[in-house]
Amino acid sequence: MSLSETKQKKCICAGLLAHVDAGQTTLSEAMLYVSGNLKKLGRVDHQDAFLDTYHLERERGITIFSKQAILEREHMRLMLLDTPGHVDFSTEMERTLQVLDYAILVISGSAGVQGHTETLWKLLEQYRIPTFVFINKMDLDTADYDTVLAQLKSRLSDSCVDFSFDRDAAQRDEEAAMCDESLMEAFLEEGVLTQEQLRHAVVHRQIFPCFFGSALKLEGVEKFLDGIQAYTVDPVYPKEFGAKVYKISRDPQGNRLTWMKITGGGLKVKTVLTNAGLSVQEEDVWEDKVDQIRLYSGEKYQMADSVPAGSVCAVTGLKRTQPGDALGLEPVSIEPVLSPVLTYQLILPEGTDVPSTLRSIKQLEEEDPQLHIIWNERLQEIHIQLMGEIQLEILKSMIAERFGLDVSFGEGHVVYKETITAPVEGVGHFEPLRHYAEVHLLLEPLERGAGLEFDTVCSEDKLDRNWQRLILTHLAEREHLGVLTGSPITDMRITLLSGKAHAKHTEGGDFRQATYRAIRQGLMKAQSMLLEPWYAFRLEVPQEFIGRAMTDIPARGGTFDPPETDGTYSVLTGTAPVSSMRDYPMEVVAYTRGTGRLSLTVDGYRPCHEAEQVIEQAGYQPEADLEHTPDSVFCSHGAGYPVKWNEVEQHMHLPLTYQPAGEKKQEEQVISRPVKAAYSSSAQLDKELKKIFERTYGTIQPRAFRSQKAMRYDQPREVLRQLEPARDYLLVDGYNIIFSWDDLNEIAKDNMDAARQVLMDMLCNYQAYRRCELILVFDAYRVPGRAGMIDSYHNIHVVYTKEAETADMFIEKVSYEISGRRNVRVATSDGIEQIIIFSHGAQRVSARAFREEVDQVNRQIADAIQRQNQR
Ligand SMILES: Nc1nc2c(ncn2[C@@H]2O[C@H](COP(=O)(O)OP(=O)(O)OP(=O)(O)O)[C@@H](O)[C@H]2O)c(=O)[nH]1
Ligand SMILES: [Mg+2]
């Protein structure tokens, strides 16, 4: 297939969306069949539908993954995307929205508009997707034309217009003209509307053409295709390359597929794609070559050497793409609207190696980023976010299938969020030796459902544009946690007010630190509010049970509109917290003996109805969460020291600029102080410190090894025999720490020996103060000739591991030997690889947290020095 061949036809990407069981897979099948693209008509109920290809889909008769089919007509190529209708898979559905030219909303003629249909409608509005409606199952006796059309108009939009071809055209045009002023003008002038005018109205979402039929009986399907052909416009694309990634999956052979729509130019195989130039962190930039371009239709695919703009294809060879990636000229995608509101503990079978399993399970998160698979250090648990029980069951089967693991899940809990009630200015300062950054952020509450917005009002004269961009990236790059329960923050605008860099000492990482700290400092100052997810519900019960329903809902913290009566049924609509409604569907079934219907759709977040209990239960201590510390680091006499969040404003270098309403403007005399450039070499400082330290605390004994000489070891456990018995042990993963601490990392770039030396000196101070048995471990391969040696350096031990033995392995073995009997801590990097150390009871300290401790010790020593000097 070549670029030129395909371009003569109108090429449209249309997604089928619906409430579960409305018949979208059946409709796709029917459309492919009647247009001659499918020889044999399959059927969902016979487990041979063209688009329900995955075995779990066939077994259950529901769609789980979105899938593509290519429908060729004489003058039109339709790229159909079938999506799952079940709410539990709605994040999968939402991912396709970013690539659709048109949506086909399928409604069951007998079930009518459902709660989920309204959710879909809102999404289509948000993504501004022109929409056709197909009312299916009209073959059933329970389907009624007038009822459904009235429902469409009242619950979705007045602009839903019957476009059936057998309808009186004049009547249709008159109805269409009511939807828009300019259409009305045209209609009054001409008495009819042209196809062109209607097309224009459809693409601008002024009209939603509706068609009726039966997918199963192939009725109205051909006409529907005619309608799509007649009332759609061929999208126009720019010449320069652009593409939007909407999905990551794996084929049966395990090849990683990146699903994308080409939105500009075209794509040829062997092209090198990159995400560089987009606002990503340097370490996240990738560059990969397109290996194959596959045009899928159902399970089968054709390979193409090149595809034109407008195509939807799967590409192999890209290793680091993510759903939502915008490549080339494509603008950044909007954040997904739907997200799971339940979180579950994922329980691995006994004896499973947690870190390696976690790494492989993370593969699933690539495919569904909304799963949010996290390792909760505090609870020592894997947590995963899900939409509901069906997704949970499917995930369990998939994990068994792909990874051979029989996992189970803990009881689900709702996912809380936090926001603030009034604006506040947050300040973060980060200035360890040879580093510098200060950031001031304005945190303002936004209306519910707004999410997070980032902005800057900082003048570029004050802070260079590049630093500002970096700060905005840091704001967006991770989830920021609130201070009530440690849940993610939302519904806030965060604006960069001012910031300061140092001409020599500022590095990118410094602004990250200052930014994170500024947010948390602001949150500590602010009045926070806990939010919880709410459902919009629609409860239909026989009239005799309406009294029961009306007492149940308030008891569960919900509210409702006055009940309506629909024949023998009463209908109650309203909203209620997810947390208290989770078991209600079962209860409705029970008390109505199966005659009641309850539909629940997530309706965003609102203030938590039992905030106090939830906060108390969470037991979250924001100041103890060192990964999200609200405190800052300042510098004095060449040494960094921590400053508590509530004292930061007495030390900051830039003035506050936000004026809370009604408060008098602060004097601007707190103008920036000169940044301290003083830096005395660490060795010199250490010598000085040691002298004074010894005066204060007595001589530092080299208590280290019984034998003072360096020695070789064979088994890591032999190292232990060399140690004085102690209560507390600290194992430090040397290179991990060097690379994690910005200042050491900087030194290491020029001179690794020097970096090692500085670390050793710092740890000597630390050991002297904390009196633990400290073992610093370096991978041997970087220090020729020392492999397998244990050395003593003043009051600490330094181990150079043997060849083919990593520091990790050494630490694991040694910590295993001592833990259980002693208090063992391991200081290492912030990655997740090291969780293993926990499994035998040793405690892991992240590089960042350990740095805080070391800095704190230094500060205490500095205080001691000061006291000494004052005597
Ligand atoms: N009577 C009748 N049944 C239909 C029609 N279309 C689909 N069905 C039946 O409705 C059921 C659901 O059809 P699907 O096509 O799987 O529905 P879906 O919307 O794809 O469902 P999910 O993918 O699970 O959301 C099946 O049993 C179909 O046979 C129709 O036009 N008339
Ligand atoms: Mg389906």
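Numbering of ligands and ligand atoms starts at 1, following listing order. Predicted, not measured: the structure shown is a model, and the values here were computed from it.
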Whether Phe212 and Tyr145 hold their rings parallel, tilted or perpendicular, with breakpoints at 30° and 60°: tilted
Ring centers of Trp121, Phe208 separated by less than 6.0 Å: yes
Residue list, side chain to side chain donor-acceptor pair (under 3.5 Å) with Arg556, at least two apart or on another chain: Asp583, Glu587
Pairing of Glu401 and Arg250 as salt bridge, 4.0 angstrom limit: no
Qualifying residues under side chain to side chain donor-acceptor pair (under 3.5 Å), relative to Gln543, sequence neighbours excluded: none
Pairwise distance CG(Leu338) to CZ(Arg95) - rounded to 0.5 angstrom: 10.5 Å
Contact residues of ligand 1 (heavy atom under 4.0 Å), by chain and number: Val20, Asp21, Ala22, Gly23, Gln24, Thr25, Thr26, Arg43, Val44, Asp45, Gly61, Ile62, Thr63, Gly85, His86, Asn136, Lys137, Asp139, Leu140, Ser214, Ala215, Leu216
Distance below 2.8 Å from the Mg ion (ligand 2): protein N/O/S atoms: Thr25 OG1, Thr63 OG1
NZ/NE/NH1/NH2 to OD/OE distance under 4.0 Å, Arg582 and Glu411: no
Whether Phe409 and Tyr344 hold their rings parallel, tilted or perpendicular, with breakpoints at 30° and 60°: perpendicular
Ion pair Asp101/Lys261, N-O distance below 4.0 Å: yes
